[in-house]
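Letters go in sequence order (proteins before strands), and every chain restarts at 1.
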Protein chains: 2
Amino acid sequence: MGLKSFVDVPRDSHFPLENLPFGVFRPAGGEPARPGVAIGDYVLDLAAIASAGLFDGPVLGNHSQCFLESSLNLFLGMGRPAWKEARLTIQRLLSADEPTLRDNASLRKKALLPMSEVEMLLPVVIGDYTDFFSSYYHAKNCGTMFRGPENAVSQNWYHLPIAYHGRASSVVISGTDVIRPRGQGHPVGNSPPYFGPSQKMDFELEMAAIVGPGNELGRPVGVDEAADRIFGLVLMNDWSARDIQAWEYVPLGPFLGKSFATTISPWIVTLDALEPFVCPAPKQDPPPLPYLAESKHTNYDIHLEVCIKPAGHEHPSIVTKSNFKHLYWTISQQLAHHTINGCNLRPGDMLGTGTISGPDPDSLGCLLELTWNAQNQLTLNGTTRKYLEDGDEVTFTGYCKGNDYNVGFGTCTGKLLPSIP
Amino acid sequence: MGLKSFVDVPRDSHFPLENLPFGVFRPAGGEPARPGVAIGDYVLDLAAIASAGLFDGPVLGNHSQCFLESSLNLFLGMGRPAWKEARLTIQRLLSADEPTLRDNASLRKKALLPMSEVEMLLPVVIGDYTDFFSSYYHAKNCGTMFRGPENAVSQNWYHLPIAYHGRASSVVISGTDVIRPRGQGHPVGNSPPYFGPSQKMDFELEMAAIVGPGNELGRPVGVDEAADRIFGLVLMNDWSARDIQAWEYVPLGPFLGKSFATTISPWIVTLDALEPFVCPAPKQDPPPLPYLAESKHTNYDIHLEVCIKPAGHEHPSIVTKSNFKHLYWTISQQLAHHTINGCNLRPGDMLGTGTISGPDPDSLGCLLELTWNAQNQLTLNGTTRKYLEDGDEVTFTGYCKGNDYNVGFGTCTGKLLPSIP
């Protein structure tokens, strides 16, 4: 049996008392944005709780003004002791047998808002966004398509979590429409490039770690300390224009094929909430260098699912099911690697995992893999897809399955709009 | 003859009345950081000028609070009309025959501070930093070394200004020490990678455009409007660890080989100040696609110079002389390309040019090229270098030569410190 809140939590909710993910929302009526926590179909307004003096523990007692901000950055920078205390306080305040909030009708009305009536915003100001490439299956499939099965996975991939810097300005919140980008593509051989709307629009099923306290420039974070620098995870759609990407990426990597939009889910699920779902990570062979060798090499067992709803369709069709546990390089290894050269991370920085493909044909994390670069097609409820079409709404969801409860991420969704002429 | 200020401007100064570059400084005595303009060996405190009500034109008259900020972002977001008005106001206030400031001893004392007594800071909060690859000579030389003369310059290079996203958090101001990064390198063949301090530390001679008003997500900027989105230029040292870079960069581009530090010069020289030094840019063949075809394909004639001062040496040695005019892709083309997919730029974003190598052996912009990846060595005042050694201080300078005056960038400098064990 799960924990019991006085707030009604539907049985299939992603947001029971065991979860308590953090986000930022704007209440109806134009009040300023502020942090909140999801509980069932409600949002707990942390500004209201802080203003009522209910964060009274040793860490937050004198610092609860972090919940009067329009982003979570300040709170994230305070580190794990603050996060743990906030979680305990909120879990207690929302529990069925705690009267403080339950029996205070006016505070309850002020602090518990129906989720359907608020607008979710980006939870953090993202200073830098980095995207990794940590699923072996994804690396192998893409490599096979573009470089042949002999050289599918480059030699370095087995020794370090490969990554590139992404574009922070175009990270948008779930629900934001995405405009089909225009750009250059290249047909084949020595033909000149063409220009126009991308003809190979894709999603990439990813998750992203949101960084808490960062590190000073020049001071790496050890791999066993890395988890303490990560606040939690979100779902992330790394929208990709495959034709633009294929033409531009040699030799400096992805640029305009990605930078037009990256969508994240609004609720950051904390590593504390994910703790019951720890599972072994894939065995690494060759063994990683000492700075990447972690004493506990673990992932989380998070079920992931992508569906597409074409324009005019009533119901979405599931196109893939994967799992976070397939990641070869863990988020701790990613963070340790990112800082080993002295690079500084800041609160709110975002580390994407890379496309999370699993080993099976129906667990591949993008259309490039699912249709093998348009050689095959998917059937969606009577229609077909090689790549995305205008009007397609792509929705990711993810959750951990507990006994009688879920710890879920909600959804990460976006609709593809036609190019602007 | 140049313009005449009542402030003494030494003949070889980079900062006469024709220049008036913008920066951010902290006065001695712990007062808050604020914007300033360089004039001779002085800094004009724009917060003091704004507080005295001297920005009284139609654009800034009611908005001079942008000069009470600790960064230039707000001012940059106001666009060219504000920049032009600020320049005219400051040029008038500092001119020899204008009594307002000249004859007001108490304001002069408050507003004109010796440059040697202030601390220069990053002039902008950099949301995103992008680095291009726009010198043909640099692309050809690097390609020849790593892929052979046959495939030196990849086919796409001639059709688009190739770029990658850089790391914004580790951009530092001139004068900041740089710690030699640690990381993985790879000797050759199938050997396992090694780990340790980089053995191939390099500088890259670049400049960077600082973005003014940005663009909304989904709304590209036309190439002929691009210059109005650029406030000005700085010098930039894209420090590079060649061994780390060579091992990690396939297939997603540079990451830890660059992200440990990027140094910029403190004074942003405006495009208005550079206008007299416009010169033709290299002819482009094949002609660029229409979205990159600018009605005036021009660069600026900016002399660039790099010197290295080894630890213990009294004098620096010049190691290369290049010129901004060698860039094949102009900053307008870079900005138009960057936004063609709808990617949004924000005020303060930074667009690096990529290493500016010229055609001659003594105009190459990094040690990789100058020593042909350590096959040759440079002689510096009695000692030799293949790559940088601990204690080396690398200084860039740049200037435009007018009649009897310079419009200069000052210096961009940093000393390499040993790796932390």
Side-chain angles (χ1 to χ4, degrees), chain A residues 127-128 130-131 133 142-143 146 154-156 159-160 162-170 172 179 181-184 186 190 192-193 195 198 214 217-220 241 244 247-257 259-261 286 289-291 337-338 340-346 349 420, chain B residues 127-128 130-131 133 142-143 146 154-156 159-160 162-170 172 179 181-184 186 190 192-193 195 198 214 217-220 241 244 247-257 259-261 286 289-291 337-338 340-346 349 420:
Chain A
D128 279 286
T130 305
D131 201 15
F133 186 53
C142 296
F146 293 120
S154 59
Q155 198 188 352
N156 57 2
H159 295 281
L160 53 86
I162 289 180
Y164 69 100
H165 305 294
R167 179 81 195 174
S169 70
S170 54
V172 298
I179 299 171
R182 293 180 302 160
Q184 294 190 29
H186 190 246
N190 282 318
F195 174 80
S198 167
L217 190 61
R219 303 285 166 181
I244 296 174
W247 172 233
E248 75 179 355
Y249 90 105
V250 173
L252 299 185
F255 184 50
L256 300 189
S259 64
F260 56 92
L289 280 162
Y291 81 93
H337 181 65
H338 203 319
I340 188 62
N341 70 340
C343 180
N344 55 327
L345 303 179
R346 297 176 292 189
D349 282 355
I420 294 172
Chain B
D128 279 287
T130 304
D131 202 15
F133 186 54
C142 297
F146 294 121
S154 60
Q155 197 187 354
N156 58 4
H159 295 281
L160 53 85
I162 289 180
Y164 69 100
H165 304 294
R167 179 81 194 173
S169 70
S170 53
V172 298
I179 299 172
R182 293 180 302 161
Q184 295 190 29
H186 190 246
N190 282 318
F195 174 80
S198 167
L217 190 61
R219 302 286 166 179
I244 297 175
W247 172 234
E248 75 179 354
Y249 90 105
V250 173
L252 299 185
F255 184 50
L256 300 189
S259 64
F260 57 92
L289 280 162
Y291 82 93
H337 182 64
H338 203 318
I340 188 64
N341 70 340
C343 179
N344 55 327
L345 304 179
R346 297 176 293 190
D349 282 355
I420 294 171

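Expressed to the nearest 0.5 Å, how far CG of A:Leu252 lies from CG of B:Leu252 amounts to 11.5 Å.
Side chains of B:Phe146 and A:Pro251 form no contact here, defined as non-hydrogen atoms less than 4.5 Å apart. When side chains are defined from C-beta on, A:Gln155 counts as touching B:Asn190, because their heavy atoms get closer than 4.5 Å.
For B:Ile179, the part lying under 4.5 angstrom from a heavy atom of chain A is the side chain only. For a residue to count as touching a neighbouring chain, one of its non-hydrogen atoms must lie under 4.5 Å from one of that chain's; by this rule A:Pro290 does not touch chain B. Both the backbone and the side chain of B:His159 come within less than 4.5 Å of a heavy atom in chain A.
Residue with the most contacts toward chain A among B:Val250, B:Asn344, B:Leu345: B:Asn344 (heavy-atom pairs, distance under 4.5 Å). Of the listed residues (B:Pro286, B:Gly257, B:Gly143, B:Pro254), the one with the most heavy-atom contacts under 4.5 Å to chain A is B:Pro254. Looking only at heavy-atom pairs under 4.5 Å with chain B, the residue among A:Pro181, A:Ala163, A:Gly127, A:Ser170 that has the most is A:Ala163. The candidate with the highest count of non-hydrogen atom pairs below 4.5 Å against chain A, out of B:Gly253, B:Ala241, B:Ser198, B:Gly214, is B:Gly253. Put simply, of B:Pro193, B:Gly342, B:Ser154, the one with the most heavy-atom pairs under 4.5 Å next to chain A is B:Pro193. Of the residues considered (A:Pro192, A:Gly218, A:Cys142, A:Ala168), A:Ala168 shows the highest number of contacts with chain B, using heavy-atom pairs under 4.5 Å. No other option in B:Glu248, B:His338, B:Arg219 has as many heavy-atom pairs under 4.5 Å with chain A as B:His338. Ranked by heavy-atom pairs under 4.5 Å with chain B, the list A:Thr130, A:Asp349, A:Leu160 is led by A:Leu160.
Every residue two or more places apart in sequence or in another chain that forms a side chain to side chain contact (heavy atoms under 4.5 Å, CB included) with B:Ser259 is listed here: A:His165, A:Asn341, A:Cys343, B:Arg167, B:Leu256. Taking A:Tyr291 as the reference, A:Leu289, A:His337, A:Ile340, B:Gln184, B:Phe195 meet the side chain to side chain contact (heavy atoms under 4.5 Å, CB included) condition, with sequence neighbours excluded.
Smallest separation of non-hydrogen atoms from A:Asn156 and B:Tyr249: ND2-N, 4.5 Å.
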